[in-house]
Q: 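Just dropping this structure here.
Each chain gets a letter, A, B and so on, in the order the sequences are listed, and its residues count up from 1. Just so you know, these numbers use all the heavy atoms, side chains as well, and skip hydrogens, waters and symmetry mates.
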Amino acid sequence: AACDNRRTHMPRSPPAADSYQQGCIRMTLENADLWKSFHSIGTEMIITKHGRRMFPHCSVSISGLQPFANYVIMMDMVPVDSFKYKVNAYEQWEVAGKAEPQPPCRTYMHPDSPAPGSHWMKQSFSFLKMKLTNNTLDQHGHIILHSMHRYYPRFHVIQADSPYTVRWGPFQTFSFPETTFTAVTAYQNPKITKLKIDHNPFAKGFREGGTHAHSKRKSLKPHRHWCENCINLYNVQFMGVTWKTILFP
DNA sequence: TCACCTCTCACTTTTGAAAGGG
DNA sequence: ACCCTTTCAAAAGTGAGAGGTG
């Protein structure tokens with residue numbers, strides 16, 4: 001009962017690869033207190049057509065790797081359950097039916113991958129640049145989710161020299177209960193909005209003043225949605241490899 | 001009608017190339 | 001030539017809310 005959520009540890013070994021089983025790899029969620037603040041209210045993550053970063057973002061530290069072996073570290077999103085949700089008249093979340101069919105599964109590879117164990121263990125690392133989208137036709141390699149559905153991030157540590165050989169590498173998987181969230185296209189709970197504005201520096205422009213003027217609309221600058229970090233991943237998918245199927249049956 | 005979703009806004013932070021110094 | 005620091009403009013990231021959609 002007194003377990004430490006920051007060190008939730010759910011290792012899995014690949015089938016028939018027990019001989020490759022490594023020592024105790026441990027992953028720790030770095031900004032767990034912030035995550036818990038959100039979790040206690042009911043974390044919501046904005047998803048948009050063009051992709052939105054998470055806030056809080058996932059930042060972890062790791063130990064127990066072999067210093068000179070190379071590792072690829074990846075992240076994906078797992079549905080919490082098979083329901084979709086809505087906010088009722090009392091401003092509470094409730095089940096609103098069965099989940100939509102799962103969108104195409106995407107995996108985000110940490111941009112440092114592959115790197116030796118010593119690199120990963122040197123200091124914590126984040127998945128800041130990963131983006132979430134509700135666009136099932138997304139061409140940028142963002143992680144595709146359904147709005148009003150619940151998910152949690154999952155991290156995979158794979159011993160591999162290249163993104164193209166992760167299929168054969170031993171791997172372990174980690175997740176953290178306090179990182180569960182509901183995907184939304186607009187915040188539903190004002191408390192979540194306030195927490196985000198208080199902690200996310202990019203929201204500062206909306207924090208002070210109230211100078212927000214909708215009357216003077218300028219033409220929108222063209223957005224550049226280019227995620228270099230996803231290129232490797234995208235190429236891998238292009239070559240016919242479905243990460244979900246091969247790595248995590 | 002209604003519940004979500006999309007677009008656009010103003011402002012802040014981040015990024016990264018160029019310049020400067022040692 | 002090389003490395004590090006500083007500068008600074010451009011790019012990117014934010015939540016709100018009007019309007020759109022089915």
Q: Exactly one of R106(A), M130(A), M109(A) should register a side-chain contact (heavy atoms from CB on, under 4.5 Å) with M75(A). Which one does?
A: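 One option only clears the test, and that one is M130(A).
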Q: Are the aromatic ring centres of F127(A) and F155(A) under 6.0 angstrom apart?
A: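 Yes; F155(A) has its ring centre under 6.0 Å from that of F127(A).
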Q: Can you tell me the distance, in whole Å, between the CD1 atom of I46(A) and the C1' atom of dA16(C)?
A: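 So the CD1-C1' distance, I46(A) to dA16(C), works out to 10 Å.
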Q: Mind calculating the distance between CG (N200(A)) and P (dT14(C)) to the nearest angstrom?
A: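 Result: 5 Å.
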Q: Under 4.0 Å, counting only non-hydrogen atoms across every strand here, what does T48(A) touch: a base, just sugar-phosphate, or nothing?
A: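 The residue T48(A) makes no contact with any strand.
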Q: Of the candidate nucleotides dT12(B), dC4(B), dC7(B), which contains the atom at the shortest distance from the side chain of F202(A)?
A: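 Comparing dT12(B), dC4(B), dC7(B) against the side chain of F202(A), the answer is dT12(B).
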Q: Classify Y187(A) by what it touches in the nucleic acid, base, sugar-phosphate, or nothing, heavy-atom distance under 4.0 Å.
A: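 The answer is sugar-phosphate, as Y187(A) gets under 4.0 Å only of primed atoms, P, OP1 or OP2.
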Q: Give the nucleotide from the list dT14(C), dC5(B), dA16(C) with an atom nearest to the side chain of T185(A).
A: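 The nucleotide sitting nearest to the side chain is dC5(B).
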Q: Identify, with sequence neighbours excluded, every residue that meets ring-ring contact (aromatic ring centres under 6.0 Å, His included) alongside W120(A).
A: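 Per chain and number, W120(A) pairs via ring-ring contact (aromatic ring centres under 6.0 Å, His included) with H110(A), F125(A).
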Q: Are any side-chain N or O atoms of T28(A) and backbone N or O atoms of E30(A), one a donor and one an acceptor, separated by less than 3.5 Å?
A: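 Absent.
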Q: Between K191(A) (NZ) and dG15(C) (P), how many Å, whole number?
A: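 The answer, rounded to whole Å, is 19 Å.
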Q: Name all pairs fulfilling the side chain to side chain donor-acceptor pair (under 3.5 Å) condition that reach into residues 180-190 of chain A, sequence neighbours left out, sorted by first residue then second.
A: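 Output for this query lists R150(A)-T182(A), Y187(A)-K196(A).
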Q: Using a 4.0 Å heavy-atom cut-off, does T193(A) contact any base of the nucleic acid, only the sugar-phosphate backbone, or nothing at all?
A: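 Since only primed, P, OP1 and OP2 atoms lie under 4.0 Å of T193(A), the category is sugar-phosphate.
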Q: I'd like to check the ring-ring contact (aromatic ring centres under 6.0 Å, His included) partners of Y85(A); sequence neighbours left out, ordered by chain and number.
A: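 By the ring-ring contact (aromatic ring centres under 6.0 Å, His included) rule, Y85(A) matches no residue at all.
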Q: Within this structure, what is the NE2-to-C1' distance between H146(A) and dC5(B), rounded to whole angstrom?
A: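 Interatomic distance, NE2 of H146(A) to C1' of dC5(B): 15 Å.
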Q: Taking 4.0 Å as the cut-off, does a side-chain nitrogen or oxygen of N134(A) come that near to OP1 or OP2 on dC4(B)?
A: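 Checking dC4(B) against N134(A), no side-chain N or O comes under 4.0 Å of OP1 or OP2.
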Q: Send over the distance from H199(A) NE2 to dT14(C) C1', rounded to a whole Å.
A: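 Answer to the nearest Å: 16 Å.
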Q: To the side chain of P201(A), which of dG15(C), dC4(B), dT13(B) is closest?
A: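 Of all the options, the side chain of P201(A) is nearest to dT13(B).
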Q: If you check every side-chain atom of K196(A), which of dG15(C), dT13(B), dC5(B) has the closest atom?
A: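 Output: dG15(C).
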Q: Rounded to whole Å, how long is the line connecting atom CZ of R52(A) with atom C1' of dG15(C)?
A: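 Checked: the CZ to C1' distance equals 7 Å.
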Q: Distance check needed: dT13(B) P versus H57(A) NE2, whole Å only.
A: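 About 16 Å, once rounded to whole Å.
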Q: Taking NE2 from H149(A) and C1' from dC4(B), how many angstroms apart are they, rounded to a whole number?
A: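 Roughly 13 Å, once rounded to whole Å.
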Q: For dT1(B), which nucleotide is its Watson-Crick or G-U wobble mate, given both distances must be under 3.5 Å?
A: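 Across all strands, not a single nucleotide pairs with dT1(B).
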Q: K49(A): what forms a salt bridge (charged side-chain N to carboxylate O under 4.0 Å, His left out) with it, not counting sequence neighbours?
A: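 Salt bridge (charged side-chain N to carboxylate O under 4.0 Å, His left out) check on K49(A) returns nothing, list empty.
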Q: When the nearest nucleotide of DNA chain B is assigned to R53(A) and to Q188(A) on a heavy-atom basis, which residue is associated with the more 5' position?
A: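 The 5'-side residue here is Q188(A).
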Q: Would you please confirm or rule out a distance under 4.0 Å between OP1 or OP2 of dC2(B) and any side-chain N or O of K86(A)?
A: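 Result: no.
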Q: For H57(A), enumerate each residue passing the ring-ring contact (aromatic ring centres under 6.0 Å, His included) test, keeping only those at least two apart in sequence or located in another chain.
A: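 Applying ring-ring contact (aromatic ring centres under 6.0 Å, His included) to H57(A) gives none.
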Q: What N/O pairs connect the protein and nucleotides 20-22 of chain C at under 3.5 Å? Give each pair on its own line.
A:
none

